[in-house]
Asks: 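Before I ask anything, let me first share the structure, which is written out below as structure tokens.
Heavy-atom basis, side chains included; hydrogens, waters and symmetry copies ignored.
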Amino acid sequence: MRTTPYSSYLQHPNSELGIDIAKSKGARYRLGPELEIWPVMHRNVRYNCRVIFLNKKILLIRPKISLANSGNYRELRWFSPWSKARHVEEYFLPRIIQEVTGQETVPFGDAVLATKDTCLGTEICEELWAPNSPHIEMGLDGVEIFTNSSGSHHVLRKAHARVDLVNSATAKNGGIYILANQKGCDGDRLYYDGCAMISMNGETVAQGSQFSLDDVEVLVATLDLEDVRSYRAEISSRNLAASKVNPYPRVKVNFDLSCPDDLAVPTCMPIQWRHHSPEEEISLGPACWLWDYLRRSKQAGFLLPLSGGIDSSATACIVYSMCHQVCLAVKNGNADVLADTRRIVNDGTYIPEDPQEFCKRVLTTCYMASENSSQDTCNRAKLLAEQIGSYHISLNIDAAVKVVVKIFSVVTGRTPKFFVYGGSSRESLALQNVQARIRMVLAYLFAQLTLWARGMPGGLLVLGTANVDESLRGYLTKYDCSSADINPIGGISKTDLKSFIQYCIENFQLTALRSIMSAPPTAELEPLVDGQVAQTDEADMGMTYAELSIYGKLRKIGKAGPYSMFCKLIDIWKEIFTPREVASKVKHFFRMYSVNRHKMTTLTPSYHAENYSPEDNRFDLRPFLYNSSWSWQFRCIDKQVNAF
């Protein structure tokens, strides 16, 4: 006995297209992503539901049991969980639905579907990740096919966990597991990365793509239900547990998932899942996110302040990768991408074939020099712009900086100086911030009027370039070039960005990146010494980027405060730092983190790629005013240090 289950992921407006494709491929069961059907009100309570249809009849409305309510998700704001296990009630259909289905009431609750040849159960997204996933009890009760409508976002290195969860769901208990996931930008900081899959008895048999510009992808597998039954029959512990299980209500369905004449149809064999490297994920995920944002915002492209450093160069490379993805999608016949491209470039006959040529149309890069900028960074920015094909502008901000400082001097009668010229640290920092903020003002001016000056319609989205580690430390000027419309690297660590730059050298042949990789990161806001940069990021911060990543993971993922972090790091760093040195580093980090936390309230919306992101709009909800002395915690650290 065989069945052909089907898994797809798609965005809501394209559900009909997904159904048509599934039918054309001979699928007997079709699964879509989470919230493909909008929320259902039952007895004045709003639920997130799967609605299962057959031939214009509703078979079951299955409400979500476990709601995602941490990290990026706040489902309890919008829905209530269904708390009545294995309980079904009557749902009275709205009149408009009754007219279509001819039904007055349908089953609503925690039930499974019993067809003429098998039994199907439902999970919704978070329920797969829960410790008491429904598929465990459903499998013991004889459910052979598990389906999951998911809305799972991309995080670097997360796909492994998702795949392992799906495969392990059927490894111990047997069965077929079908996962359909959303794909694309949610109009916010998340990108849903597809990865639809079908698994049987602990092994993957079909894999969908993780990143692409296609709105709809159909994944089909033909599997033998007898393989599930044979697998289960050999697991004695499962069979003993099954004899004690509390049965699920079954909705009987007069329908076969298998066909009597399908014996000659070949079944799908297990495959090895092909995972992307983190560098590939950075190249593809944020690129798809940028494309979604660009086409949906109806702007004409991006403006990127290109400093010649790693962060802005990585952002430029992501846009260049986006251009590659667009050209590839059009080459493969994606009519929607072609239509969006023609609208963006305002040319009804345009066909994007060369990524460099397309990049020149949609990306404007701008090097904003000051008297503190080196010729090296100017040359690096110019050469990278030439290699990716962007429309490049070079300008000097000194005149604007002098005017702003002059206004202050006229009003106060005092003129601030840089520290190297005898000024205080307060004066030096203020002068650095003036430069940074003027760059932000100019970035928006050029974003609004560059195309106008070139005789072209539309405006540009300003791209931010602060990485996740700088945001965590607060190593940025509030309302400087980190303030932008969107930021594709705001959730990515400096360490991963360096690896990504190396990936771009090798895969995009961007040789300009070699000198960018070898140069020490610098803001170039302080005066040069003998024409050379004297300021470096890590010296300014008092910590390395590698250390920042560790602090971030312990703070957010490990939930560590100052004392807990100290206790963990004296073991992690025991070969390189003394306990007193560890204490000094931990104290410095928490002082800087706490005094700069207010900057997170204005952080540019960024692509969410790391689970230690400090972004406080949705993910890392914490106070933005701390007691930065941490007196009690630091005393505890000192006491422990003195005990060594």
Side-chain angles (χ1 to χ4, degrees), residues 7 9-10 12 15 29-54 56-70 72-98 100-101 103-115 119-143 145-152 165 169 177-182 186 192 245-253:
S7 177
Y9 49 84
L10 56 151
H12 309 152
S15 300
Y29 179 88
R30 181 251 175 213
L31 176 69
E34 186 174 16
L35 286 178
E36 190 176 38
I37 299 294
W38 294 110
V40 177
M41 292 282 289
H42 176 56
R43 299 182 182 177
N44 300 323
V45 179
R46 186 169 51 231
Y47 296 99
N48 179 355
C49 294
R50 282 277 313 280
V51 182
I52 304 170
F53 302 87
L54 174 64
K56 291 189 177 181
K57 301 291 183 183
I58 296 176
L59 303 177
L60 172 67
I61 301 177
R62 200 284 204 171
K64 192 172 182 179
I65 297 168
S66 300
L67 301 186
N69 209 57
S70 61
N72 285 295
Y73 298 107
R74 296 289 180 274
E75 278 198 87
L76 284 172
R77 285 182 177 180
W78 315 110
F79 305 112
S80 294
W82 181 255
S83 57
K84 303 174 184 178
R86 296 172 176 79
H87 177 76
V88 175
E89 298 175 354
E90 270 193 320
Y91 177 79
F92 289 83
L93 292 171
R95 186 180 305 158
I96 189 172
I97 304 299
Q98 291 183 28
V100 175
T101 67
Q103 301 165 286
E104 291 186 358
T105 63
V106 295
F108 184 103
D110 185 19
V112 297
L113 299 178
T115 66
C119 189
L120 297 91
T122 293
E123 288 188 327
I124 305 176
C125 196
E126 179 71 10
E127 293 168 3
L128 171 64
W129 301 79
N132 58 340
S133 295
H135 69 257
I136 300 171
E137 294 284 306
M138 287 192 294
L140 294 175
D141 191 32
V143 172
I145 301 175
F146 311 101
T147 63
N148 189 312
S149 294
S150 190
S152 181
L165 277 173
Y177 202 106
I178 313 171
L179 177 87
N181 190 27
Q182 289 279 11
D186 69 344
Y192 296 89
V245 74
N246 184 16
Y248 276 80
R250 276 167 160 72
V251 177
K252 294 182 179 180
V253 183

Asks: Can you name the closest pair of heavy atoms from S80 and L67 and give their distance?
Replies: C-CD1, 3.8 Å
Asks: Nearest heavy-atom pair of S66 and A130: which atoms, and what distance?
Replies: OG-CB, 4.1 Å
Asks: Nearest heavy-atom pair of R250 and D141: which atoms, and what distance?
Replies: NH2-O, 2.6 Å
Asks: Going by the side-chain contact (heavy atoms from CB on, under 4.5 Å) test, name the single residue among I52, V106, V51 that passes it with L59.
Replies: I52
Asks: So, do L113 and L60 sit near enough that their side-chain heavy atoms are less than 4.5 Å apart?
Replies: yes
Asks: With heavy-atom distances below 4.5 Å as the criterion, would you say the side chains of M138 and F146 are in contact?
Replies: yes
Asks: Let me see the working for N148 and Y177 under side-chain contact (heavy atoms from CB on, under 4.5 Å), right down to the final yes or no.
Replies: CA-CA 8 Å; N148 189 312; Y177 202 106; 2.9 Å; yes
Asks: Who passes salt bridge (charged side-chain N to carboxylate O under 4.0 Å, His left out) against D110, sequence neighbours left out?
Replies: none
Asks: What distance separates W129 CH2 from S150 OG, expressed to the nearest 0.5 Å?
Replies: 8.0 Å
Asks: Please check if atom CD in Q98 has more than 12 non-hydrogen atoms from other residues, nucleotides or ligands closer than 6.0 Å.
Replies: yes
Asks: Once you round to the nearest 0.5 Å, how far does CD1 of I178 lie from CZ of R30?
Replies: 12.0 Å
Asks: List the residues meeting side chain to side chain donor-acceptor pair (under 3.5 Å) with S149, not counting sequence neighbours, and say none if there are none.
Replies: R50
Asks: Would you say the side-chain atoms of T147 pair up with the backbone N or O of G121, donor to acceptor, closer than 3.5 Å?
Replies: yes
Asks: Please list all pairs meeting salt bridge (charged side-chain N to carboxylate O under 4.0 Å, His left out) that have one or both residues in residues 121-134, counting only residues at least two apart or in different chains.
Replies: R62-E127
Asks: Can you find a pair of side-chain heavy atoms, one from Y91 and one from V40, that are under 4.5 Å apart?
Replies: yes
Asks: Return the set of residues passing salt bridge (charged side-chain N to carboxylate O under 4.0 Å, His left out) with K84 (not counting sequence neighbours), or none when no residue passes.
Replies: E89
Asks: For W78, which residues count as a side chain to side chain contact (heavy atoms under 4.5 Å, CB included) partner, sequence neighbours excluded?
Replies: none
Asks: Which residues pass the side chain to side chain contact (heavy atoms under 4.5 Å, CB included) test with I97, sequence neighbours left out?
Replies: I58, L93, P94, T101
Asks: Counting C-beta onward and ignoring hydrogens, is there a side-chain heavy-atom pair between C119 and Y248 closer than 4.5 Å?
Replies: no
Asks: For R86, enumerate each residue passing the side chain to side chain donor-acceptor pair (under 3.5 Å) test, keeping only those at least two apart in sequence or located in another chain.
Replies: E137
Asks: Taking side chain to side chain contact (heavy atoms under 4.5 Å, CB included) as the definition, give me every residue that meets it alongside T115, ordered by chain and number, with sequence neighbours left out.
Replies: D117, T118, L120, V253
Asks: Are V112 and T122 side-chain neighbours, meaning at least one heavy-atom pair lies under 4.5 Å?
Replies: no
Asks: What residues, two or more places apart in sequence or in another chain, satisfy side chain to side chain contact (heavy atoms under 4.5 Å, CB included) together with V88?
Replies: P107, A111, P249
Asks: Go through the structure and list residues passing salt bridge (charged side-chain N to carboxylate O under 4.0 Å, His left out) with R46, not counting sequence neighbours.
Replies: none
Asks: State which residues pass ring pair (Phe, Tyr, Trp, His ring centres under 6.0 Å) with Y47; sequence neighbours excluded, sorted by chain then number.
Replies: W82, F108
Asks: Do K64 and E34 have side chains that get closer than 4.5 Å, going by heavy atoms?
Replies: yes
Asks: How long is the straight-line distance from CD1 of I61 back to CD1 of I37, given to the nearest 0.5 Å?
Replies: 9.5 Å
Asks: Would you please name every residue forming a side chain to side chain donor-acceptor pair (under 3.5 Å) with E90, sequence neighbours left out?
Replies: T105
